[in-house]
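Beneath this line is the structure, given in structure tokens, with notes to follow.
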Amino acid sequence: MTHLLRTAAAVLLIGAGAASAQTTQTQPQQRPAAPAATQPAQPPAAQPVRPATAPAPAAAPAAQAQLVNLNTATEAELDKLPQIGPARAKDIIEARTKNGRFKDWNDFVARNVVPKNAEEAIKGKVRF
């Protein structure tokens, strides 16, 4: 069977070569399609389909879930923020207990609870 396929392919190639030699166009020769096999082809292995990028709406809630709420966070949760250790975490809790909840970022900054470098480090990682 394989010998028959090779012979048929050789005949097709020779015929295609003679036909293309007679034409004046300079197109590259293309291999003719292989004759149909008598045995059914094996289907390719199934590949899992994955989207190229994650959808934006699904990413947004995950990002919000990672934000630390400065009005409700425990000392341990605040301590996980960059530039905020146990002492600064206690200062944040004391400021919100003494003067009420932080309204927004500007209110937090205006109270001078933590130094400027700590403010810059936690900006974008907290919510109110």
Side-chain angles (χ1 to χ4, degrees):
M1 184 68 151
T2 305
H3 179 66
L4 179 64
L5 290 176
R6 286 185 188 167
T7 304
V11 169
L12 287 173
L13 285 174
I14 292 170
S20 66
Q22 294 173 358
T23 61
T24 58
Q25 296 177 352
T26 57
Q27 293 181 353
Q29 292 183 4
Q30 294 182 0
R31 289 186 113 178
T38 56
Q39 295 179 347
Q42 294 286 336
Q47 297 287 332
V49 178
R50 293 182 291 154
T53 58
Q64 287 181 353
Q66 295 175 3
L67 297 178
V68 175
N69 187 327
L70 290 181
N71 287 315
T72 59
T74 64
E75 183 178 335
E77 291 169 329
L78 292 169
D79 188 27
K80 292 178 185 176
L81 290 169
Q83 300 291 320
I84 305 294
R88 289 183 180 160
K90 287 179 184 178
D91 291 343
I92 293 170
I93 293 171
E94 183 179 319
R96 74 179 184 213
T97 303
K98 183 177 177 182
N99 299 316
R101 297 172 61 94
F102 300 108
K103 295 179 182 98
D104 54 22
W105 178 255
N106 292 332
D107 181 39
F108 176 72
V109 171
R111 295 192 201 184
N112 293 320
V113 180
V114 296
K116 190 78 170 162
N117 67 328
E119 289 174 358
E120 291 172 4
I122 66 171
K123 189 172 185 175
K125 295 177 174 35
V126 297
R127 62 188 177 99
F128 301 91

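Note that the structure is a prediction, hence the values are computed from the model and not measured. Just so you know, residue 1 is the first one in the sequence shown, and it goes up from there.
- Counting all heavy atoms, side chain and backbone alike, Arg96 lies closest to Ala73 at NH2-O, 2.7 Å.
- For the pair Leu81 and Lys125, the minimum side-chain heavy-atom distance is below 4.5 Å.
- Ile84 and Leu78 get closest at one heavy-atom pair: CG2-O, 3.3 Å.
- Interatomic distance, Glu77 CD to Asn69 CG, rounded to the nearest 0.5 Å: 9.0 Å.
- In this structure, the side chains of Asn99 and Arg111 come closer than 4.5 Å at one or more pairs of heavy atoms.
- Shown here for Lys103 and Asp107, the closest heavy-atom pair between the two residues is N-OD2, 2.9 Å.
- You'll find the side chain of Val114 reaches within 4.5 Å of the side chain of Ile92, heavy atoms only.
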Could you list the donor-acceptor pairs under 3.5 angstrom formed by side chains in residues 116-124, with sequence neighbours left out?
| residue | atom | partner | partner atom | Å |
| --- | --- | --- | --- | --- |
| Asn117 | ND2 | Gln83 | OE1 | 3.3 |

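- Atom CG of Asp91 is separated from atom CD of Glu75 by 10.0 Å, given to the nearest 0.5 angstrom.
- Every residue two or more places apart in sequence or in another chain that forms a ring-ring contact (aromatic ring centres under 6.0 Å, His included) with Phe108 is listed here: Phe102, Trp105.
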